[in-house]
Protein chains: 2
Amino acid sequence: MKSTDTRTEILDTAQELIQKLGVNAMSYADISEAVGIRKASIHYHFSTKDDLVAALLDRYNPDFLRLVDAIIASPESPETKLSRYFALFEATLSSGEQDKACLCGMLGAELKTLKHPLAERVIQFYQDNEARLVKILTEGREAGVFSFPGDIKVMATLIFSLLEGGILIVRANGGLYQFRAIVEQLMQLVKG
Amino acid sequence: MKSTDTRTEILDTAQELIQKLGVNAMSYADISEAVGIRKASIHYHFSTKDDLVAALLDRYNPDFLRLVDAIIASPESPETKLSRYFALFEATLSSGEQDKACLCGMLGAELKTLKHPLAERVIQFYQDNEARLVKILTEGREAGVFSFPGDIKVMATLIFSLLEGGILIVRANGGLYQFRAIVEQLMQLVKG
DNA sequence: GTCTATAGCGCGATAGAC
DNA sequence: GTCTATCGCGCTATAGAC
């Protein structure tokens, strides 16, 4: 068994730091210390910081969306699917030792400081998620298990904004416990 | 008529920059350029960056909460009060030329990079807002115009998280237009 | 109260030995 | 592929003239 390669360790560390502190507060020095490698060595794997963040998004976003697609493709009920979608965000928040936001949620807050190729990846992630939420909500409404007023697309945006945004906000107070409570409440609202 | 003093111009500029870019991306050089003053002169008014941000919060938070309290004390219906509360966030987003997040929403995302006296101000702002939302929600439920399942306190947290978090997220796509849509949807959900 | 000048540090990034 | 060494820049902050 080969141990995790350095490139992956750098990505993992960088991701955790961004989810905790944001891109602008994350530095090569931080990664260097955590991985046990010198700053210069990081540049061998990712020549610029933007390259590193791009690689991070090109790993994170497809991984996340693959999980979502697996949920959608499953034979579960719409309610269970939505619940499992919510659980992906809970898992993000509670993974590791400290509260971590979604990578793209954090980058969204800092969006105006990102160069275009990076910002576009974040924007695309939002759109991809909302499109998948529309699928789940449509299925649930047609099956009669979801009952909420208004447009499905708007509801998808509302749900996604609450999950992405809420995960950032609850870190200031109740953390995972509080997040679970609002997610449960959200489910009640969707069911009507 | 005395023109706005320098101290206030610095505060205004710094606030706008933080709402747009975040604390960690905002610099004395940015303020210097926008105000038309040299970096060193800013230090005369605010000796450290933390002092500046603290002064910002000590102005912003009471100002915002005063607006909220005026809404609560008004003779309007609970629905109108809640709608006017939502409008405070819409106003933040749409003020100025570019989308601006709530000052404390942005600082919440970057919370783990803030020193304690600053972080505590942000946390307190969240608690103060949620307490006021509880008042409005309680009044509306007792009057029979709000009808939502679950705990009022959790609902207050849900609403506040959606407003603070949503304002950060919608900037990546539909901006003010999208924010208005989800806020309107939220109102429908509260009314049941 | 604002200026010039500069200190001191941390950052991302590069060169070149091993 | 990782190292040492260093560059150049932007940052916060300070000293002292005006």
Side-chain angles (χ1 to χ4, degrees), chain A residues 1-59 103 106-107 110 112-119, chain B residues 1-57 59 106-107 110 112-119:
Chain A
M1 283 295 260
K2 189 173 162 296
S3 73
T4 318
D5 65 8
T6 307
R7 189 190 143 93
T8 305
E9 277 185 60
I10 294 169
L11 285 173
D12 292 345
T13 305
Q15 183 178 320
E16 190 166 339
L17 285 167
I18 295 178
Q19 290 180 290
K20 217 177 286 182
L21 309 173
V23 231
N24 296 316
M26 179 272 278
S27 73
Y28 272 46
D30 294 333
I31 302 171
S32 164
E33 196 186 2
V35 176
I37 203 180
R38 312 253 82 183
K39 278 194 298 172
S41 308
I42 302 173
H43 284 283
Y44 169 79
H45 298 279
F46 307 98
S47 56
T48 69
K49 192 176 176 178
D50 281 351
D51 284 344
L52 171 55
V53 177
L56 221 41
L57 289 167
D58 288 340
R59 184 184 72 158
L103 180 62
M106 197 52 130
L107 293 178
E110 298 175 294
K112 292 198 162 67
T113 72
L114 300 180
K115 299 209 185 81
H116 270 163
L118 294 182
Chain B
M1 283 296 258
K2 188 171 161 297
S3 73
T4 318
D5 66 9
T6 306
R7 189 190 143 92
T8 305
E9 277 186 59
I10 293 169
L11 284 174
D12 291 345
T13 305
Q15 182 178 322
E16 190 166 338
L17 284 167
I18 295 178
Q19 289 180 291
K20 217 177 285 181
L21 309 173
V23 232
N24 296 317
M26 179 272 277
S27 72
Y28 273 45
D30 295 333
I31 301 171
S32 164
E33 195 186 5
V35 175
I37 203 180
R38 310 254 82 179
K39 280 191 296 173
S41 308
I42 303 173
H43 283 283
Y44 169 78
H45 297 280
F46 306 97
S47 56
T48 70
K49 193 176 175 179
D50 281 352
D51 284 344
L52 171 55
V53 178
L56 221 42
L57 289 168
R59 183 184 73 158
M106 196 52 123
L107 293 179
E110 298 175 296
K112 293 199 161 66
T113 72
L114 300 179
K115 298 205 185 84
H116 269 164
L118 295 182

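Everything numeric here is computed off the predicted structure, so don't read it as measured data. Letters A, B, ... mirror the listed sequences (proteins, then strands); counts begin at 1.
Of the candidates C:dT2, D:dT12, D:dC3, the closest approach to any side-chain atom of A:Ser41 belongs to D:dC3. Counting only heavy atoms from C-beta on, A:Ala40 has its side chain closest to D:dA5 among C:dG12, D:dA5, D:dT2. Residue B:Arg38 has its side chain nearest to C:dT4 when only C:dT4, C:dG12, D:dT2 are considered. With distances taken from any side-chain atom of A:Ile37 to the nucleotides D:dA13, D:dC3, D:dC11, the minimum falls on D:dC3.
A distance-only check finds a donor-acceptor pair linking the side chain of A:Lys49 to the backbone of A:Met26 [under 3.5 Å]. When atom types are taken as modelled, the side chain of A:Tyr28 and the backbone of A:Thr48 share a donor-acceptor pair closer than 3.5 angstrom.
Between B:Asp30 atom CG and D:dC9 atom P there is a gap of 18 Å when expressed in whole angstrom units. In this structure, B:Lys49 atom NZ and D:dT12 atom P are separated by 5 Å, rounded to whole Å. Regarding B:Tyr44, its OH atom lies at a distance of 18 Å from the P atom of D:dG16, rounded to whole Å. Note: CG (B:Asp51) to C1' (D:dT12) measures 12 Å, nearest angstrom. Computed from coordinates, the B:Lys39 NZ to D:dC11 C1' distance equals 7 Å when rounded to whole Å. Atom CG of B:Leu52 is separated from atom P of D:dC11 by 15 Å (rounded to the nearest Å). For A:Glu9 and D:dT2, the CD to P distance is 9 Å, given to the nearest whole Å. Distance CZ (B:Arg7) to P (C:dT2): 13 Å, rounded to an integer number of Å.
You'll find the side chain of A:Leu11 reaches within 4.5 Å of the side chain of A:Leu52, heavy atoms only. Looking at B:Asp51 and B:His43, their side chains never come closer than 4.5 Å, going by heavy atoms from C-beta outward.
Within the structure, every side-chain polar atom (N or O) of A:His43 is placed at least 4.0 Å from both OP1 and OP2 of D:dG1. Under 4.0 angstrom from either OP1 or OP2 of D:dA13 there lies no side-chain N or O belonging to B:Ser47.
If you take CG on A:Leu118 and CG on A:Leu56, they are separated by 10.0 Å, rounding to the nearest 0.5 Å.
A:Ser27 comes within contact range of the sugar-phosphate backbone alone, with a heavy-atom separation under 4.0 Å but no base atom that close.
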